[in-house]
**Student:** 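Below is one structure. I have some questions about it.
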Amino acid sequence: MPIFALIDCNSFYCSCERICQPELKRVPVVVLSNNDGCVIARTSEVKQLGIPMGAPFFQVRDQLAAAGVVVRSSNYTLYADISNRVMTVMASMLPAIEVYSIDEAWGDMSGVQEDLTEYGKRIRARLLQWVGMPVGVGISTTKTLAKLANWAAKKWPATGGVVDLTDPARQERLLRIAAVSEVWGVGRRLAARLRPLGIETAWDLAQFDIGTLRKTFGVTLERTARELRGISCIGINEGPPPKQAICSSKMFGRKLRDLGPIQEAMATYVTRAAEKLRQQQSLCGALQVSLQTQYHNPELPRYANGLTCPLATPTDDTRDLLAVALRGLRHIYRPGYAYSKCAVLLIDLSQRGEVTPDLFAPAPRRGAERLMSIVDQINKREGRGTVRLGRVPVEPDWGMRRDMMSRCYTTNWDELITVGA
DNA sequence: TCTGGGGTCCTAGGACCC
DNA sequence: TCTGGGGTCCTAGGACCC
């Protein structure tokens, strides 16, 4: 029988801030999304204040200030580095891990000989000592049960942050008290549609007739129900397959009306998407550009449009991708609107080396592959944007607002942590 | 004034093929 | 008078995840 562990960092972004500024350990902390828009990470004290995930910052600003909460803009450079450290430690203690997101990973514990809870506690202790990151560990025979075990580990501190849910009697006890919306794969909409059927808890879902679930809700929910019964349907995916679509999009730091700065933003996003494309060694056959005004204010005229543009030949050359994206952007741009966001989505991806070139397609630029690879190497070593196309500004005036950002303590020579002895 | 960004999977319907 | 059956591919939309 397989044994899965789900290891998940507590309030990941907040914990990263606390690792680098230990004095924050004694105060509540929140981290904001891009543009300091909404709250996306909260320490437990803040959760107790009743500040919900995703709360718009401007609505809770006063409440946070009154409670003495320290507010930080998100510092993804720092979080990515801490994440790598966490994953490296996990990989050193488990035969296989699947990195599931920036702050959590699945582990294969099938071969672990000693007591599972004890082993979970050792993983937890090592992450705390070596990286400074507090985590919760959920262990069970399916991924869905392990996820629920992890939920229990966080909900009840008395568990010491580790819950072993391999025993069927314990499974039943937990499933009976867990609301169905806590189950991995059951969101708000599904939970609302399940309630009329009398499905309120995870246990109700596990016991419900499988055939009806499949007919009414599809195979995804059927799989979830089977997993809750202890039948493993989802395995560990080491080295996930290359992505089938790559997106880069961001709200502008301020509203943009003219085409010029929107082109700069588009160039910046295309550059970023092309880097991700080359990282997974894919080529792009088509891209979608889109542009929109903000949708929260009904007073202002709204406009949103998108366009799919094929590439003449599959490519990973930033110059070719950008030329096509800018042509598409000119098509959908209309003067007279205050735009808040644009996006590029690379689609029709194929793996380099697996494409049959079109005999009649225009010849690729000479040396393009080598050029792009050198640009990527320089930017990796010297920092993103060291070598870039002319359209991409260094410090755009439309860039992200992040007024409360911590330093890049672990990745920038000028911002290293200083320790007093 | 101020509401994130980046993904996945599944389904249904239409076009088209033999 | 009579007009099949079984596929694939693509797209859009909806649900979910962190």
Side-chain angles (χ1 to χ4, degrees), chain A residues 6-13 30-41 51-62 64 71 73-74 76 79-80 83 98-106 143-144 147 150-151 180-194 213-224 233-234 237 240-255 265 268-269 272-273 276-277 280 285-286 288 290 292-300 306 308 310 338 340-349 400-404:
Chain A
L6 178 66
I7 305 167
D8 179 313
C9 302
N10 299 346
S11 311
F12 180 66
Y13 296 165
V30 300
V31 174
L32 304 178
S33 65
N34 284 338
N35 287 315
D36 296 339
C38 40
V39 174
I40 52 168
I51 305 283
M53 179 75 172
F57 178 50
F58 74 94
Q59 283 176 6
V60 295
R61 169 179 247 143
D62 295 343
L64 292 176
V71 180
S73 303
S74 40
Y76 287 104
Y79 307 155
S83 176
E98 173 189 341
V99 177
Y100 182 61
S101 73
I102 193 165
D103 75 328
E104 66 190 285
W106 304 99
K143 277 188 167 180
T144 306
K147 188 95 185 171
N150 181 283
W151 168 77
V180 70
S181 56
E182 301 296 345
V183 174
W184 185 45
V186 179
R188 226 171 9 127
R189 308 272 163 106
L190 266 179
R193 287 169 63 200
L194 290 171
L213 287 181
R214 186 194 186 111
K215 253 204 333 261
T216 320
F217 300 98
V219 293
T220 316
L221 194 67
E222 177 194 0
R223 219 159 21 216
T224 299
C233 308
I234 310 168
N237 255 333
K243 295 184 190 6
Q244 292 168 34
I246 292 172
C247 176
S248 181
S249 109
K250 254 187 219 65
M251 309 271 297
F252 308 132
R254 63 177 176 84
K255 301 284 176 284
T268 306
Y269 303 164
R272 178 76 193 108
K276 292 193 223 171
L277 182 73
Q280 64 167 27
Q288 277 171 16
S290 57
Q292 65 182 58
T293 59
Q294 69 147 4
Y295 41 84
H296 290 290
N297 187 346
E299 312 275 291
L300 297 172
T308 302
S340 66
K341 176 180 176 174
C342 72
V344 61
L345 178 69
L346 307 185
I347 51 175
D348 191 12
L349 306 189
M400 241 197 283
R401 284 193 311 271
R402 28 184 175 182
D403 302 333
M404 295 154 282

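Worth knowing before you read on, the calculation uses all heavy atoms, side chains too, and leaves out hydrogens, waters and symmetry mates. In what follows, every chain begins at residue 1, and chains take the letters A, B, ... in the order their sequences are listed. Model, not experiment: these values are computed from the prediction.
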**Student:** For DNA chain B, find the residues of residues 248-255 of chain A with a heavy-atom distance under 4.0 Å and give them by number; none if there aren't any.
**Tutor:**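 Output list: A/Ser248, A/Ser249, A/Lys250, A/Met251, A/Lys255.
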
**Student:** How does protein reach along nucleotides 9-18 of chain C, written 5' to 3' as B (base within reach of a heavy atom under 4.0 Å), S (only sugar-phosphate), or - (no contact)?
**Tutor:** ------SSSS

**Student:** Kindly write out the residues that satisfy side chain to side chain donor-acceptor pair (under 3.5 Å) with A/Gln280, not counting sequence neighbours, or none if the list is empty.
**Tutor:**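 So A/Gln280 forms a side chain to side chain donor-acceptor pair (under 3.5 Å) with A/Ser282.
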
**Student:** By the 4.0 Å heavy-atom rule, please label A/Ala245 as base, sugar-phosphate, or nothing.
**Tutor:**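 Sugar-phosphate, no base atom in range.
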
**Student:** Holding to salt bridge (Lys or Arg N to Asp or Glu O under 4.0 Å), I want the full list of residues that pass it with A/Glu98, two or more places apart in sequence or in another chain.
**Tutor:**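 Listed in chain order: A/Lys143.
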
**Student:** Nearest whole angstrom, please: distance from the P of B/dT3 to the CE of A/Met400.
**Tutor:**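 Going from A/Met400 (CE) to B/dT3 (P), I get 14 Å.
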
**Student:** Rounding to an integer number of angstrom, what distance separates B/dC16 and C/dG4 when you compare their C1' atoms?
**Tutor:**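 Approximately 16 Å lies between the C1' atom of B/dC16 and that of C/dG4.
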
**Student:** On DNA chain B, nearest-nucleotide positions of A/Phe217 versus A/Tyr76: which is more 5'?
**Tutor:**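 Mapping each residue to its closest nucleotide by heavy atoms, the 5'-most match is A/Tyr76.
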
**Student:** State which residues pass salt bridge (Lys or Arg N to Asp or Glu O under 4.0 Å) with A/Asp8; sequence neighbours excluded, sorted by chain then number.
**Tutor:**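 In terms of salt bridge (Lys or Arg N to Asp or Glu O under 4.0 Å), with neighbours along the sequence ignored, A/Asp8 is linked to A/Lys154.
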
**Student:** Just to be sure I follow the notation: if a pair is Watson-Crick (purine N1 to pyrimidine N3 plus N6-O4 or O6-N4) or a G-U wobble (N1-O2 and O6-N3), each under 3.5 Å, what dot-bracket string does DNA chain C give, with | for pairs to another strand?
**Tutor:** ....||||||||||||||

**Student:** Hey, could you give me the CG/CG distance between A/Leu194 and A/Leu213, rounded to the nearest 0.5 Å?
**Tutor:**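 Here the interatomic distance stands at 7.5 Å.
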
**Student:** Atom CG of A/Asn35 and atom C1' of B/dT3: how far apart are they, to the nearest Å?
**Tutor:**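 Taking CG of A/Asn35 and C1' of B/dT3, I get 11 Å after rounding.
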
**Student:** Under the side-chain contact (heavy atoms from CB on, under 4.5 Å) rule, what do A/Val39 and A/Val60 come out as? Steps first, then yes or no, please.
**Tutor:** CA-CA 9 Å; A/Val39 174; A/Val60 295; 4.1 Å; yes

**Student:** Could I get the full list of side-chain contact (heavy atoms from CB on, under 4.5 Å) partners for A/Ser290, not counting sequence neighbours?
**Tutor:**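 With sequence neighbours excluded, A/Ser290 shows a side-chain contact (heavy atoms from CB on, under 4.5 Å) to A/Ala343, given in chain and number order.
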
**Student:** I want to check one thing: is the phosphate of B/dG7, taken as OP1 and OP2, less than 4.0 Å away from some side-chain N or O of A/Lys276?
**Tutor:**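 Looking at the OP1 and OP2 atoms of B/dG7, one of them is under 4.0 Å from a side-chain N or O of A/Lys276.
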
**Student:** Check the distance between B/dG7's P and A/Leu277's CG and give it to me in whole angstrom.
**Tutor:**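 It is 11 Å, rounded to the nearest whole Å.
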
**Student:** With A/Arg254, which residues qualify under side chain to side chain donor-acceptor pair (under 3.5 Å), at least two apart?
**Tutor:**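 Scan of A/Arg254 (side chain to side chain donor-acceptor pair (under 3.5 Å), adjacent residues dropped) gives A/Asp397.
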
**Student:** According to ring pair (Phe, Tyr, Trp, His ring centres under 6.0 Å), who are the partners of A/Phe12, at least two apart in sequence or on a separate chain?
**Tutor:**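 So A/Phe12 forms no ring pair (Phe, Tyr, Trp, His ring centres under 6.0 Å) with any residue.
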
**Student:** Hey, does A/Leu32 reach any base, or is it just sugar-phosphate, or nothing, if we go heavy atoms under 4.0 Å?
**Tutor:**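 A/Leu32: no heavy atom of the nucleic acid under 4.0 Å.
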
**Student:** Rounded to whole angstroms, how far apart are CD1 on A/Ile347 and P on B/dT8?
**Tutor:**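 Nearest whole value for this atom pair: 13 Å.
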
**Student:** How would you list, by chain and number, every residue that makes a side chain to side chain donor-acceptor pair (under 3.5 Å) with A/Ser33, sequence neighbours excluded?
**Tutor:**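 Testing A/Ser33 for side chain to side chain donor-acceptor pair (under 3.5 Å), a comparison that skips the adjacent residues, returns none.
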
**Student:** From CZ of A/Phe58 over to C1' of B/dC2, roughly how many Å is that when rounded to an integer?
**Tutor:**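 Distance check: A/Phe58 CZ to B/dC2 C1' gives 5 Å.
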
**Student:** How long is the line joining CZ of A/Arg272 and C1' of B/dG7, in whole Å?
**Tutor:**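 Spelled out: CZ on A/Arg272 to C1' on B/dG7 is 14 Å.
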
**Student:** If you check the A/Cys247 side chain, which of B/dG4, B/dG7, B/dG5 turns out closest?
**Tutor:**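 It is B/dG7.
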
**Student:** When you match A/Gly218 and A/Leu345 each to their closest nucleotide on DNA chain B, which lands nearer the 5' end?
**Tutor:**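 By nearest-heavy-atom nucleotide position, the 5'-most residue is A/Leu345.
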
**Student:** Take atom CG of A/Leu349 and atom P of B/dG7, then tell me their distance rounded to the nearest Å.
**Tutor:**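 The answer, rounded to whole Å, is 10 Å.
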
**Student:** How many angstroms lie between CD1 in A/Ile102 and OG in A/Ser83, if you round to the nearest 0.5 Å?
**Tutor:**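 Those atoms lie 5.0 Å apart.
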
**Student:** Residues in salt bridge (Lys or Arg N to Asp or Glu O under 4.0 Å) with A/Arg214, at least two apart?
**Tutor:**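 By the salt bridge (Lys or Arg N to Asp or Glu O under 4.0 Å) rule, A/Arg214 matches A/Glu222.
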
**Student:** Rounded to the nearest Å, what distance is computed from the CZ atom of residue A/Arg401 to the P atom of nucleotide B/dT1?
**Tutor:**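 After rounding, the gap between these two atoms is 13 Å.
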
**Student:** Can you list everything that forms a side chain to side chain donor-acceptor pair (under 3.5 Å) with A/Asp103? Sequence neighbours excluded, please.
**Tutor:**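 Side chain to side chain donor-acceptor pair (under 3.5 Å) check on A/Asp103 returns A/Ser101.
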
